[in-house]
Amino acid sequence: MESTESSYVSSPEQPRKKSPPPPASPLSDAVEKPTYIKLLVSNAAAGSVIGKGGATITDFQSQSGARIQLSKNYEFFPGTSDRIILISGGIDDALKALELIIAKLLSEIPTEDGDDAEPRMRVRLVVPNNACGSIIGKGGSIIKSFIEESHAGIKISPLDTDFLGLTDRLVAITGTLEEQMHAIDLILSKLTDDTHYLQNMHAPLSYAGVFFSGFDGIPYAYVLPHVATAAYNSTNHGLNGAGVKFQHNKEDRTNSVTIGVADEHIGLVVGRGGRNIMEISQNSGARIKISDRGDFMSGTNDRKITITGSQRAIHAAEDMIMQKVSYASERETD
């Protein structure tokens, strides 16, 4: 999804001068005005933000005065395997919490000995589509001014139409920590004056109501325990005794396959903390959905795993899944 980011906004090409410290927020006279920041982080980064026993996130909340929440292990932003962090509170408190989070993640980026370059990471904010106009401006005038003032790179992705019901876009910000925080300060100050943005402050972190258009109505998720699973109306094929396979044909626009895996083997496919299924998805390029507990292939005790993407991605994901299952079956027969 991110490869389709708009290219009409980018960082200035001329050599960058050191960005001055960000000025006091334009809303400094109304710091108690509630606002929020949503950003994406990997599952591993989410663990760093939480810390052992929640110590890190508790400390960040104490230092900043903002509230910090994370989506659950399997609640990802559609089209990614990234979780959502929600920071809420006064604008200055929210910015302070965000700076603590980014600084923490930057500190964990490995560097080579003798490399004095400042570590960098891309920050991806989640912004409602109907609020993006307030930070773009006529002809991109506002966002260009933000780029010039902060020296950060700012790109706004188009709305991903592959996901029905998705109304959020991603705003990617690159640069040094100082440049990123300056840019985010400018962006957040503008968004906090936008009623459309504030109306989404209490929106749920999960995207259970978002549907991938190629799923024939199956909600987007890897594992989402409270959504219904659509019926499958195709011919079944044996899969080396390991499960049942259904092929979905929808004008070849999107390829989708459903395989059955024994309920007792699902844990091996998912992995601890969802690690296995995320690795399979990332390595294959396919999107993966596992049915709820008790939702089996007709006439079996096999859970449904729906794989969607290109034929190559589907085959790769299917092979990886069946390797996990075959390994478990071999151990049981030893």
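Note: hydrogens, waters and symmetry copies are ignored here, and every other heavy atom, side chains too, is used.
- Connection of Ile184 to Leu106 is established within a shared hydrophobic cluster, with ILVMFWY side chains joined at heavy-atom distances below 4.5 Å, either directly or through further cluster members.
- Distance CG/Asn43 to OG/Ser48: 10.5 Å, rounded to 0.5 Å.
- When hydrophobic clusters are built by joining Ile, Leu, Val, Met, Phe, Trp and Tyr residues whose side-chain heavy atoms come closer than 4.5 Å, directly or via intermediates, Leu177 is grouped together with Ile147.
- Atom CE in Met201 sits 11.0 Å away from atom CD1 in Ile37 (nearest 0.5 Å).
- A side chain to side chain contact (heavy atoms under 4.5 Å, CB included) with Ile101 is found for exactly one of Ile57, Thr56, Ile87, namely Ile87.
- Two residues are said to be in side-chain contact when any heavy atoms from C-beta on lie closer than 4.5 Å; Ile142 and Lys190 meet this criterion.
- Scored by the ring-ring contact (aromatic ring centres under 6.0 Å, His included) test, Phe146 finds no partners at all (sequence neighbours excluded).
- Note that CG of Asp319 and CD1 of Ile314 are 12.0 Å apart. Values are rounded to the nearest 0.5 Å.
- Annotation for Pro128 and Asp168: closest pair CA-OD1, 3.4 Å, computed over non-hydrogen atoms.
- Both Ile288 and Met322 are part of a single hydrophobic cluster, where members link through side-chain heavy atoms under 4.5 Å apart.
- Contacts of Asp194 classified as side-chain contact (heavy atoms from CB on, under 4.5 Å), with partners at least two apart in sequence or in another chain: Ala131, Ser134, His196, Tyr197.
- Between Leu268 and Asn276 the shortest heavy-atom distance is O-ND2, 2.7 Å.
- Pairing each heavy atom of Ile173 with each of Ala183, the nearest pair is CG2-CB, 4.1 Å.
- Formation of a donor-acceptor pair under 3.5 Å by the Arg169 side chain with backbone atoms of Ser157 is found in this model.
- When all heavy atoms of Leu205 and Ile84 are compared, the closest pair comes out as O-CD1, 3.5 Å.
- Under a 3.5 Å cut-off, the side chain of Glu318 and the backbone N or O of His315 do not form any donor-acceptor pair.
- Atom-to-atom distance recorded for Arg122:CZ and Leu170:CG is 8.5 Å, nearest 0.5 angstrom.
- Ser42 pairs by the side-chain contact (heavy atoms from CB on, under 4.5 Å) definition with Ala44, Ala45, Asp82, not counting sequence neighbours.
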Evaluation steps, side chain to side chain contact (heavy atoms under 4.5 Å, CB included), between Ile321 and Val261: CA-CA 9 Å; Ile321 290 170; Val261 170; 4.2 Å; yes
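- By the 4.5 Å heavy-atom criterion applied to side chains, Ser62 and Thr58 are not counted as neighbours.
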Steps toward side chain to side chain contact (heavy atoms under 4.5 Å, CB included) verdict (Thr167, Asn130): CA-CA 8 Å; Thr167 58; Asn130 58 7; over 6 Å; no
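- Glu179 contributes no side-chain N or O that, together with a main-chain N or O of Ser150, makes up a donor-acceptor pair within less than 3.5 Å.
- Thr80 places a side-chain N or O within 3.5 Å of a backbone atom of Phe77 that can act as its donor or acceptor partner.
- Using a 4.0 Å cut-off between a side-chain N of Lys or Arg and a carboxylate O of Asp or Glu, Asp295 and Arg303 do not qualify as a salt bridge.
- Leu39 and Leu159 are not part of a single hydrophobic cluster, where members link through side-chain heavy atoms under 4.5 Å apart.
- Closest heavy-atom contact between Tyr36 and Leu198: CE2-CA, 4.3 Å.
- In this structure, the side chain of Arg83 engages the main chain of Ser71 through a donor-acceptor pair within 3.5 Å.
- Between the side chain of Ser64 and the backbone N or O of Phe60 there is at least one donor-acceptor pair closer than 3.5 Å.
- Taking CD1 of Ile305 as the start and CD1 of Ile290 as the end, the distance is 4.5 Å to the nearest 0.5 Å.
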From CA spacing to verdict: salt bridge (Lys or Arg N to Asp or Glu O under 4.0 Å), Asp193, Lys33: CA-CA 10 Å; Asp193 280 336; Lys33 186 172 184 179; 3.2 Å; yes
Test side chain to side chain contact (heavy atoms under 4.5 Å, CB included) applied to Ile109 and Met121, step by step: CA-CA 9 Å; Ile109 296 177; Met121 61 174 278; 4.3 Å; yes
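- Taking 4.0 Å as the cut-off between side-chain N and carboxylate O, Lys104 and Glu108 count as a salt-bridged pair.
- Judged purely by atom type and a 3.5 angstrom limit, Ser141 has no side-chain atom pairing as donor or acceptor with the backbone of Gly137.
- Under the 4.5 Å side-chain criterion, counting only non-hydrogen atoms from C-beta, Lys38 is not in contact with Ile85.
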side-chain hydrogen bond (donor to acceptor under 3.5 Å, both in side chains) between Gln180 and Thr174, intermediate numbers included: CA-CA 6 Å; Gln180 288 177 313; Thr174 55; over 6 Å; no
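- Leu86 places none of its side-chain heavy atoms less than 4.5 Å from the side chain of Leu70.
- In this structure, the separation between CE on Met181 and CD on Glu99 is 5.0 Å, given to the nearest 0.5 Å.
- A donor-acceptor contact shorter than 3.5 Å is absent between the side chain of Ser281 and the backbone of Arg287.
- Summarising the geometry of Thr35 relative to Gly90, their closest heavy-atom pair is CG2-C, 4.2 Å, with the distance given to 0.1 Å.
- Thr192 places a side-chain N or O within donor-acceptor distance of the main-chain N or O of Leu188, the cut-off being under 3.5 Å.
- Side-chain atoms of Thr308 do not come within 3.5 Å of backbone N or O of Ser256 as any donor-acceptor pair.
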